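Start at 1 and go down the list; that is how both ligands and their atoms are numbered. On a predicted model such as this, the values are computed, not experimentally measured, just so you know.
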Amino acid sequence: MSAYDVIVIGSGAGGGTLVRQLAPSGQRILLLERGDWLRREPQNWDAAPVFVDNRYVSPDTWYDADGKPFQPQVHYFVGGATKLYGAALYRLRQEDFAPLTHHDGLSPGWPIAYEEMEPYYTLAEQRYQVHGARGEDPTEPHASAPYPFPAVSHEPRIQQLSDDLEAAGHQPFHAPCGVLLDEAEMHRSACVRCATCDGFPCLVHAKSDADVLAVRPALQHANVTLWTNAEAVRLETNAAGTAVTGVVVDRDGERETVTGDLVVVSCGAANSAKLLLASATEAHPNGLANGSDQVGRNYMFHNSQAVLALSKEPNPTVFQKTLGLNDFYFGTNEFEFPMGNIQMVGKSQAPMFRGERPIETRLAPTWSLEKIARHAVDFWLSTEDLPRPDNRVTLERNGNIQLSYAPNNQVPKERLYAQLKSMLRHLGMHHEHLIPRTAYMKSEIPLAGVAHQAGTCRFGTDPATSVLDVTCRAHEVDNLYVVDTSFFPSIGAVNPALTTMANALRVGDHLLERLGP
Ligand SMILES: Cc1cc2nc3c(=O)[nH]c(=O)nc-3n(C[C@H](O)[C@H](O)[C@H](O)COP(=O)(O)OP(=O)(O)OC[C@H]3O[C@@H](n4cnc5c(N)ncnc54)[C@H](O)[C@@H]3O)c2cc1C
Ligand code: SF4
């Protein structure tokens, strides 16, 4: 008999959400997390340690296509990347689930329709306490319930931006935010609406992350066990290769094997591919569940741009991430292809600029860093990158991740940037300045910006072209599931976490049915 009914590997948006969903069932659940709890300490909210010293970027070495090592922007903690995320919790658009023609080709459809995911989006918004306003975003898909919490209000400069956008004929909306904020009764509010949210851990545990809202509630159930500092290094199978029989774990420096009836991998897209590739056997010579040769392929991470515009009036906004704009998501009359999403990011602070060359070389000679920060209005632009088989995770000779990636769909990315730049004049901003911000990527190497990594074990109906079936079970291994962003067949142009959470809930319902009473 197995030691556990279910073993879940990785406690982030996918794994943490799933464990919370399974916890009330009474099944014996083991959650393995390679990292530790993220320490609460004053540095949580200090820009220089977080953005310049990369205090919460976990040490790891990956390699590019040429074998050159780099430090990826990874966060190995209970809660995974959600400990540091911006908690912009968007649904994919309904159209993202169907094939969509882009400048560089077709974004493939999903094997399930939006309608199948919709109830789980609603549940995920409830679990992660999302604030928002339905009906403002013209591209928003149908939703069966209102947002569980009212939209986070704009501060005056962002309200002005919203008004200016509307006056120019655009349709800005209140961005969906996962913060435990009660603006009506701030004396009760867990969230204090601070300037150190996006890219920072929340010192007061008021961000809707998977640690606070999934793992901790799950651990209230006696049947749930968490091992921290426990890295799964290999999955063992029966001789036929049809079932996982053991998870080999490095735990606090000791190696041990633990058994579970069902095994769910949720290590983040690159690390999940690594684990499967490292689990090759005679029955699975190219890596576990990899008869299709799709494990590790189709890696996506968005064509992202963090940019700073300079407001003519100072921008004293504290919590800036309250506005989004999807008017260019599916293209315009002048450019027929999808361009993507524009949203705000956390407000620039002068210490973040330390060492940022675009700021220093293009602005610092005439503007002091403090003045730049005072006037900065910060945007995040996301354009879809398309799944390409050669954009992939493989294993280096030493067993670490090798990430090969050639950019695609760059024209719409540039068009989105140009679109924003052309609007600045009407938005009370200096129209000649729209400056890239590399600090948000926490690295100058674009490849290292793996925050939105997805797609290495895509789900589908055809075992020849996908790794997982529609329930996110490996086509070739009966008791193996994957629930992190690996399953995405395409990534859309909005942030991926809510979709990962919603899908984990969907898979959770399937597992509950499979496990029985
Ligand atoms: C700075 C930043 C800002 C972001 N902002 C947003 C945002 O505003 N909105 C949004 O939607 N998304 C945002 N994201 C992305 C979002 O956080 C991720 O898409 C999401 O967390 C992915 O979920 P996941 O389950 O795939 O991986 P993760 O949440 O990263 O979880 C993977 C977990 O697996 C663990 N693990 C890895 N390998 C092993 C192993 N071998 N054994 C055991 N454990 C292992 C890791 O330590 C980690 O805890 C942001 C990310 C970052 C870094
Ligand atoms: S804005 Fe709220 S949720 Fe974000 S870090 Fe500050 S207190 Fe935490």
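- Proximity of Thr82 to ligand 1 is established by a heavy-atom distance of less than 4.0 Å.
- Close contacts of ligand 2 with Phe319, meaning ligand atoms under 4.0 Å from a residue heavy atom, involve 1 (S).
- Of the listed residues (Ala451, Pro496, Ala13), the one carrying the non-hydrogen atom nearest atom 52 (C) of ligand 1 is Ala451.
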Where do Asp198 and Lys321 land on the salt bridge (Lys or Arg N to Asp or Glu O under 4.0 Å) test, with the steps shown first?
CA-CA 8 Å; Asp198 193 5; Lys321 248 183 117 91; 3.2 Å; yes
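- When the heavy atoms of Cys197, Gly10, Cys267 are ranked by distance to atom 32 (C) of ligand 1, first place goes to Cys267.
- Considering each of Tyr90, Tyr85, Tyr128, Tyr76, the one bringing a non-hydrogen atom nearest atom 4 (C) of ligand 1 is Tyr85.
- With a 4.0 Å cut-off on non-hydrogen atoms, Leu180 does not touch ligand 2 at all.
- Shown in contact with His75 at under 4.0 Å from a heavy atom are these atoms of ligand 1, numbered in order with element: 53 (C).
- The distance between the ring centers of Trp110 and Phe97 falls below 6.0 angstrom.
- Atoms of ligand 1 lying under 4.0 Å from any heavy atom of Asn495, numbered from 1 in the order shown and given with element: 7 (C), 8 (O), 9 (N), 10 (C), 11 (O), 12 (N).
- Using a 4.5 Å cut-off on side-chain heavy atoms (C-beta onward), Ser266 and Leu18 make no contact.
- Distances below 4.0 Å separate heavy atoms of His452 from the following atoms of ligand 1: 13 (C), 14 (N), 15 (C).
- Per-residue contacts place Ser266 under 4.0 angstrom from the following atoms of ligand 1 (heavy atoms of the residue considered): 25 (O), 32 (C), 33 (C), 34 (O).
- Close contacts of ligand 2 with Lys207, meaning ligand atoms under 4.0 Å from a residue heavy atom, involve 3 (S).
- Not a single heavy atom of Phe200 sits less than 4.0 Å from an atom of ligand 2.
- For Glu33, a nitrogen or oxygen atom sits less than 3.5 Å from a nitrogen or oxygen atom of ligand 1, counting backbone and side chain alike.
- For Asp137 (side chain) and Phe173 (main-chain N/O), no donor-acceptor pair under 3.5 Å exists by modelled atom type.
- Look at Cys197 and atom 4 (Fe) of ligand 2: an N/O/S atom of the residue is under 2.8 Å from the metal.
- Atom 8 (Fe) of ligand 2 has no N, O or S atom of His205 under 2.8 Å away, backbone or side chain.
- Contact atoms of ligand 1 toward Gly86: 3 (C), 4 (C), 5 (N), 6 (C), 7 (C), 8 (O) (distance under 4.0 Å to a heavy atom of the residue).
- Within the listing of ligand 1, atoms 10 (C), 11 (O), 12 (N) sit less than 4.0 angstrom from a heavy atom of Ala497.
- Contacts between Val192 and ligand 2 below 4.0 angstrom, taking non-hydrogen atoms only, involve backbone and side chain alike.
- Close approach to Ile9 involves these atoms of ligand 1, each under 4.0 Å from a residue heavy atom: 42 (N), 43 (C).
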